[in-house]
Amino acid sequence: MDKQWKVCVQINPKYDGEYYVYIFNAQTGDELRTLFYKNNNWQGLTDDETVIAWKEKDLKKIVNEYKWLRDHILEIQKLFKLNKVDINDFVIAETLEECICKYGSWFHWKQVHFIDDIYVIKVLF
């Protein structure tokens with residue numbers, strides 16, 4: 001699989017599926033999110049939205065997120081400056097696209113750190 005960004009004026013996906021997409025929205029501005037592509041059409045777009053570019057989603061490499069977090073608890077504690085770490089307060093994202101699409105607002109709150117090529121996010125519920 002080719003993991004490069006593709007521009008829609010050049011090529012659309014060959015296969016149905018979920019993709020990362022860079023969207024221009026005339027009302028709210030640009031956005032990165034995931035969308036489904038089915039029967040040669042992007043699903044769920046509003047009239048104000050246009051997909052500019054797309055990228056195939058990466059396959060997950062980490063099978064057990066809880067174990068990965070537990071194995072990195074000392075780094076998490078240090079980077080987030082915590083005395084005690086509750087693993088249930090954290091999630092991981094394996095790519096920047098996944099991190100932005102799922103947890104983009106957490107960057108603003110400085111709740112994202114990078115450990116061993118993985119984005120670690122402290123989710124505040």
In terms of hydrophobic clusters joined by side-chain contacts under 4.5 Å, are L96 and F114 together? yes

Going hydrophobic residue to hydrophobic residue with side-chain gaps under 4.5 angstrom, can you get from W68 over to L82? yes

Please say yes or no: joined through hydrophobic side-chain contacts below 4.5 Å, possibly via intermediate residues, are L32 and W42 part of one cluster? no

Are F80 and F90 an aromatic pair, judged by ring center distance below 6.0 Å? yes

From CD1 (I121) to OH (Y103), nearest 0.5 Å: 6.0 Å

Where T34 and C101 come nearest, the two heavy atoms and their spacing: N-SG, 4.0 Å

I92 to E65 - nearest heavy-atom pair and separation: N-OE2, 3.2 Å

Is there a donor-acceptor pair closer than 3.5 Å between any side-chain N or O of E31 and the backbone N or O of G29? no

Decide if atom NZ of K61 counts as having more than 12 heavy atoms of other residues, nucleotides or ligands within a radius under 6.0 Å. no

Is a salt bridge present between E97 and K3, judged by a nitrogen-to-oxygen distance below 4.0 Å? no

Could you list the residues that satisfy side-chain hydrogen bond (donor to acceptor under 3.5 Å, both in side chains) with K102, not counting sequence neighbours? E98

Could you tell me whether D47 atom CG has more than 12 heavy atoms of other residues or ligands within 6.0 Å of it? no

Quick check: closest heavy atoms across L59 and E94, and the distance to 0.1 Å? O-OE1, 4.3 Å

Looking at CG of L45 and CG of L35, how far apart are the two atoms once the value is rounded to the nearest 0.5 Å? 5.5 Å

Quick check on side-chain contact (heavy atoms from CB on, under 4.5 Å): which of F36, Y37, W5, W54 does V21 satisfy it with? W54

Counting only heavy atoms not in Y66, do more than 12 sit closer than 6.0 Å to its OH atom? no

Do I115 and I73 belong together in a cluster built from hydrophobic side chains that touch within less than 4.5 Å? yes

Heavy-atom nearest pair, G44 first then R33, reads O-NH2, 4.0 Å

Transitively linked via ILVMFWY side-chain contacts under 4.5 Å: V123 with Y119? yes

Among D48, D30, T50, exactly one meets side-chain contact (heavy atoms from CB on, under 4.5 Å) together with N25. Which residue is that? D48

Measure the shortest side-chain to side-chain distance between V120 and L69 over non-hydrogen atoms and say whether it is less than 4.5 angstrom. yes

Side chain of E49, backbone of I23: donor and acceptor closer than 3.5 Å? no

Mind listing the closest non-hydrogen atom pair of L79 and H113 along with its distance? O-NE2, 3.3 Å

Could you work out, with side-chain hydrogen bond (donor to acceptor under 3.5 Å, both in side chains) as the rule, every residue matching D117, not counting sequence neighbours? none

If you look at every heavy atom in Y20 and D58, which pair is closest and at what distance? CE1-N, 4.4 Å

Give me each pair satisfying salt bridge (charged side-chain N to carboxylate O under 4.0 Å, His left out) with a member in residues 12-29, each pair once, sequence neighbours excluded. E18-K57

Whether the side chain of Q77 engages the backbone of N83 through a donor-acceptor N/O pair (distance < 3.5 Å, no angle test) should be reported. yes

Measure the spacing between NZ of K55 and NZ of K6 and express it to the nearest 0.5 Å. 11.0 Å

